[in-house]
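Reading through the structure tokens given below for one structure.
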Number of protein chains: 2
Amino acid sequence: MTNLALRHEDDEEERRRLGERLREARKYLGLKQEEVAAYLKIPRTGLTDIENGQRRVEAIELTRLARLYRQSVGYFTGEDQASSSLPADVAHLARRVADLSAQDREELGRFADYLRARSGGGQG
Amino acid sequence: MTNLALRHEDDEEERRRLGERLREARKYLGLKQEEVAAYLKIPRTGLTDIENGQRRVEAIELTRLARLYRQSVGYFTGEDQASSSLPADVAHLARRVADLSAQDREELGRFADYLRARSGGGQG
DNA sequence: CCTTGCATGTCGGAATATCCGACACTATAT
DNA sequence: ATATAGTGTCGGATATTCCGACATGCAAGG
């Protein structure tokens, strides 16, 4: 089996997980592939392939599926939902920062980097 | 310009918006198309097309771009326009700050106050 | 057991999109 | 004007999606 199907094996696993989440969400709502495919205006077999991780999902398609399935886009992509919504005090800080000039914001960003480095924490 | 390029004119507008957000986020970080394209393992001209709304963005590609650009996936799809009414760069700054300790955030808040006072800007 | 119906999976060729190099365009700098 | 950097655009080769036809799996009924 060569790469007649999908280019990167790297993506294979992630695509499969995405497809599984989409299938779960569809079944949870009791919808048929045919119905969802019609909603997306793609062939039914296209949705079959999506749910089996054998076809790419366009960002716009995912957005519409998320609306249909009443979930966030981040849920399907596996995005960390905790980090998706900011902690309360960070949101507060953001509001305090919103009326600063762009230049001051940049300086504040550098200071944030400094703090992160000093504490040795943080992510790349 | 017929639809030799992309099938649905419906999606054209949404794709353009997505591309614009992606371009803004890239420029905000001072990255070149070439660098981001290498990160995604797609040709540079592919990213050109994406940012001009002339090429589909796969959900997985968007997920990786969101990580690189330190934004939520929903930000690019337009999902959280309602939830976060903050300017893009402020939201980005907040994200950068989210992994700091509470103590560091407090210190950062004081620094924000200092900047505001120094610039003679807005109110607390 | 044999059908029937329904939902989903699979195959192949046609239709469509992406890739990728080559070149064009626009600044900026010398 | 020349050189460089970053980005846009074109065309043919390559890869993916579409779409119909057929296959599979499963459940209910005769």
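A quick note: this is a predicted structure, and the numbers were derived from the prediction, not measured. By convention in this document, chain letters (A, B, ...) are assigned in the order of the sequence lines, proteins followed by strands, and residues within each chain are numbered from 1.
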Note to self: Nearest to the A:Thr45 side chain among D:dG20, D:dT9, D:dT7, which nucleotide is it?
What the structure shows: D:dG20

Next item on the list: State, with a plain yes or no, whether a side-chain heavy atom of B:Tyr69 is found less than 4.5 Å away from one of B:Phe76.
Entry: yes

Notebook entry, point to check: With respect to the phosphate group of C:dG9, does any side-chain polar atom (N or O) of A:Thr48 fall under 4.0 Å of OP1 or OP2?
Noted result: yes

Next item on the list: Among the candidates D:dG8, C:dT10, C:dA17, find the nucleotide nearest to the side-chain atoms of A:Gln54.
Entry: C:dT10

Checklist line | B:Arg23 side chain near D:dG8 phosphate (N/O to OP1/OP2, under 4.0 Å) | finding: yes

Margin query: Salt bridge or not between A:Glu12 and A:Arg16? Use side-chain N to carboxylate O under 4.0 Å.
Written below: no

Next item on the list: Grab the two heavy atoms, one from A:Arg44 and one from A:Ala37, that are nearest each other, plus how far apart they are.
Entry: CA-CB, 3.6 Å

Notebook entry, point to check: Is there a residue in residues 30-38 of chain B whose heavy atoms reach under 4.0 Å of DNA chain C, and which residues are they?
Noted result: none

Next item on the list: Look at the side chain of A:Arg44 against the base of C:dG9 and say whether a donor-acceptor pair falls under 3.5 Å; ignore hydrogens and angles.
Entry: yes

Check: Between D:dT7, C:dG9, D:dC18, which nucleotide gets closest to the side-chain atoms of A:Pro43?
Finding: D:dC18

Check: Taking B:Glu14 for the side chain and A:Ile60 for the main chain, is one N or O donor matched with an acceptor at less than 3.5 Å?
Finding: no

Notebook entry, point to check: Given atom CG of A:Leu40 and atom C1' of D:dC18, what is their separation to the nearest angstrom?
Noted result: 14 Å

Margin query: Using whole Å, what does the distance between atom P of nucleotide C:dG9 and atom CZ of A:Arg16 come to?
Written below: 14 Å

Check: Within this structure, what is the NZ-to-C1' distance between B:Lys27 and C:dA27, rounded to whole angstrom?
Finding: 11 Å

Item checked: Interatomic distance, B:Glu58 CD vs C:dT18 P [rounded to whole Å] -> 11 Å

Item checked: Step-by-step salt bridge (Lys or Arg N to Asp or Glu O under 4.0 Å) determination, B:Glu61 to A:Arg56 -> CA-CA 10 Å; B:Glu61 291 172 336; A:Arg56 299 174 178 173; 5.7 Å; no

Check: For the pair made of CD in B:Glu61 and C1' in D:dT16, what is the distance, rounded to whole Å?
Finding: 13 Å

Next item on the list: Show your reasoning for whether salt bridge (Lys or Arg N to Asp or Glu O under 4.0 Å) applies to A:Asp11 and B:Arg64.
Entry: CA-CA 11 Å; A:Asp11 301 344; B:Arg64 290 182 183 152; 3.0 Å; yes

Checklist line | For atom CG of B:Leu22 and atom P of D:dT7, their distance in whole Å | finding: 14 Å

Next item on the list: Send over the distance from A:Arg56 CZ to D:dC18 C1', rounded to a whole Å.
Entry: 15 Å

Note to self: At less than 4.0 Å, is any side-chain N or O atom of B:Arg55 found next to OP1 or OP2 of D:dG8? Yes or no.
What the structure shows: no

Next item on the list: Grab the two heavy atoms, one from A:Arg55 and one from A:Ile42, that are nearest each other, plus how far apart they are.
Entry: NH2-CG2, 4.2 Å

Item checked: Length of the line joining B:Ile50:CD1 and C:dT18:P, which is rounded to integer Å -> 9 Å

